[in-house]
A.B. asks: 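Structure incoming, see below.
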Amino acid sequence: MIIWSRWGILVILFFGLGVLLGFILMLVVGAPSSAGSLPGVFIGIGLMLSTVALYFFNKYVVDRHLDAPRAAVVYEKLAEPVRLDNGAVQTHRAIPLRHPETGQQLTTKPTSTLFFIPVRYWVFVLPAIGFIVFATSLVAVLSGRP
């Protein structure tokens with residue numbers, strides 16, 4: 001079963017980017033990687049930072065270009081097939097859908113999702129996951145548990 005539609009798979013890449021940012025941040029700070037729950041603190045921070053990148057990617061790339069509104073059309077079968085200049089045979093033609101009262105062109109807006117959640121909502125889910133990882137790891141580190 002496919003768990004994403006269209007460009008929703010990119011959320012997993014941003015999740016991985018957050019984990020990578022956490023490990024890089026841990027190396028920059030100089031924290032030991034074998035210190036029990038301490039890497040979880042940095043991974044939580046990395047997930048929260050990768051959310052910023054996901055927000056701008058969604059706003060400027062996915063919404064504007066990849067999931068841009070498109071004209072709604074229906075395909076009508078032609079009475080006789082038509083041979084085009086390039087040798088292809090056309091059996092259907094696209095007819096734009098119009099609103100019955102106003103006559104305006106109707107459009108559809110595709111949605112990219114991961115686990116049936118649109119990408120624009122992952123901007124809220126991803127930092128929540130990051131905060132939970134951060135908080136539980138910080139509590140474990142402060143209480144002295146491994």
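Since the model is a prediction, treat every value here as computed from it, not as a measurement.
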A.B. asks: For the pair F23 and F42, evaluate ring pair (Phe, Tyr, Trp, His ring centres under 6.0 Å) and give the outcome as yes or no after the intermediate values.
C.D. replies: CA-CA 7 Å; F23 281 116; F42 292 103; 9.4 Å; no
A.B. asks: Any side-chain heavy-atom pair from L54 and V119 closer than 4.5 angstrom?
C.D. replies: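 Result yes, sub-4.5 Å side-chain heavy-atom pair found.
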A.B. asks: Check whether any side-chain heavy atom of I95 sits under 4.5 Å from a side-chain heavy atom of Y75, and report yes or no.
C.D. replies: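 No. Closest side-chain heavy atoms not under 4.5 Å.
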A.B. asks: Of all heavy-atom pairs between P118 and T111, which one has the smallest distance, and what is that distance?
C.D. replies: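 Of all heavy-atom pairs spanning P118 and T111, the closest is CB-CG2, 3.9 Å.
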A.B. asks: Can you classify the ring geometry of Y60 versus F56 as parallel (below 30°), tilted (30 to 60°) or perpendicular (above 60°)?
C.D. replies: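 Parallel, since the angle between the ring planes stays under 30°.
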A.B. asks: Does the side chain of L97 come within less than 4.5 Å of V73's, by heavy atoms?
C.D. replies: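 Result no, sub-4.5 Å side-chain heavy-atom pair not found.
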A.B. asks: Are the side chains of V89 and V82 in touch, meaning some heavy atoms are under 4.5 Å apart?
C.D. replies: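 Not touching, per the 4.5 Å side-chain cut-off.
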A.B. asks: Under 3.5 Å, is there a donor-acceptor pair between the side chain of R70 and the main chain of P110?
C.D. replies: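 No, the answer is negative, given that no donor and acceptor are paired below the 3.5 Å cut-off.
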A.B. asks: Indicate the atoms forming the closest heavy-atom contact of P96 with Q105, along with that distance.
C.D. replies: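 For P96 and Q105, the tightest heavy-atom pair comes out as CB-OE1, 3.0 Å.
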A.B. asks: I need the I12 CD1 to I9 CD1 distance, nearest 0.5 Å.
C.D. replies: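 That separation rounds to 4.0 Å.
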A.B. asks: How close do R6 and S112 get, counting heavy atoms only, and between which atoms?
C.D. replies: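 In terms of heavy atoms, the two residues are closest at CB-OG, 3.3 Å.
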A.B. asks: Over all heavy atoms of both residues, which pair between V133 and G44 is shortest? Give the atoms and the distance, please.
C.D. replies: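 What the structure gives for the nearest pair is CG1-N, 4.0 Å.
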A.B. asks: State plainly whether the residues D67 and K109 are in salt-bridge range, i.e. N to O under 4.0 Å.
C.D. replies: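 Salt bridge: no.
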A.B. asks: If you compare all heavy atoms of M48 against all heavy atoms of P127, which two are closest, and at what distance to 0.1 Å?
C.D. replies: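 Taking every non-hydrogen atom into account, CG-O, 3.9 Å.
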A.B. asks: With a cut-off of 6.0 Å (strictly less than), are more than 12 heavy atoms of other residues, nucleotides or ligands near CZ of F15?
C.D. replies: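 Result for CZ/F15: open.
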A.B. asks: Take atom CG of N86 as the centre, draw a 6.0 Å sphere, and report whether it contains more than 12 heavy atoms from other residues, nucleotides or ligands.
C.D. replies: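 Above 12, so yes.
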A.B. asks: According to a hydrophobic-cluster definition based on side-chain heavy atoms being under 4.5 Å apart (Ile, Leu, Val, Met, Phe, Trp, Tyr only), do V28 and L47 belong together?
C.D. replies: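 No, separate clusters.
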A.B. asks: Report yes if the side chains of H92 and E76 come closer than 4.5 Å at any heavy-atom pair, otherwise no.
C.D. replies: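 They are not in side-chain contact.
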A.B. asks: Can you find a pair of side-chain heavy atoms, one from Y55 and one from T51, that are under 4.5 Å apart?
C.D. replies: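 SC-SC contact between Y55 and T51 ruled out.
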A.B. asks: Just verifying a value: how many Å separate L20 CG and S50 OG, rounded to the nearest 0.5 Å?
C.D. replies: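 Answer for the CG-OG pair, L20 versus S50, is 10.0 Å.
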A.B. asks: More than 12 heavy atoms of other residues, nucleotides or ligands under 6.0 Å from CD of Q104: yes or no?
C.D. replies: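 Not buried by this count: 12 neighbours or fewer within 6.0 Å.
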A.B. asks: Within this structure, what is the CH2-CG distance for the pair W7 and L13, rounded to the nearest 0.5 Å?
C.D. replies: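 Between W7 CH2 and L13 CG, I get 11.0 Å after rounding to 0.5 Å.
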A.B. asks: Shared ILVMFWY cluster between V41 and V139, side chains joined below 4.5 angstrom?
C.D. replies: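 Per the 4.5 Å side-chain linkage, V41 and V139 are not co-clustered.
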A.B. asks: Quick check on side-chain contact (heavy atoms from CB on, under 4.5 Å): which of T113, L114, N58 does W122 satisfy it with?
C.D. replies: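 Of the listed residues T113, L114, N58, the side-chain contact (heavy atoms from CB on, under 4.5 Å) partner of W122 is L114.
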A.B. asks: Are the side chains of I129 and I132 in contact, using a 4.5 Å heavy-atom criterion?
C.D. replies: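 The answer is no, as the side chains (C-beta and beyond) never meet within the 4.5 Å cut-off.
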A.B. asks: Are V125 and I3 joined in one hydrophobic group, where the rule is that I, L, V, M, F, W and Y side chains link up if heavy atoms are under 4.5 Å apart?
C.D. replies: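 They do share one cluster, since a chain of ILVMFWY contacts under 4.5 Å joins V125 to I3.
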A.B. asks: Is L126 reachable from F131 through a run of hydrophobic residues whose side-chain heavy atoms are each under 4.5 Å from the next?
C.D. replies: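 The answer is yes; both residues are in one hydrophobic cluster.
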A.B. asks: Any side-chain heavy atom of Q90 sitting closer than 4.5 Å to one from L78?
C.D. replies: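 Counting from C-beta outward, Q90 and L78 do come under 4.5 Å.
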A.B. asks: Answer with yes or no whether the hydrophobic clustering places I24 together with V29; edges join I, L, V, M, F, W, Y residues whose side-chain heavy atoms lie under 4.5 Å apart.
C.D. replies: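 No.
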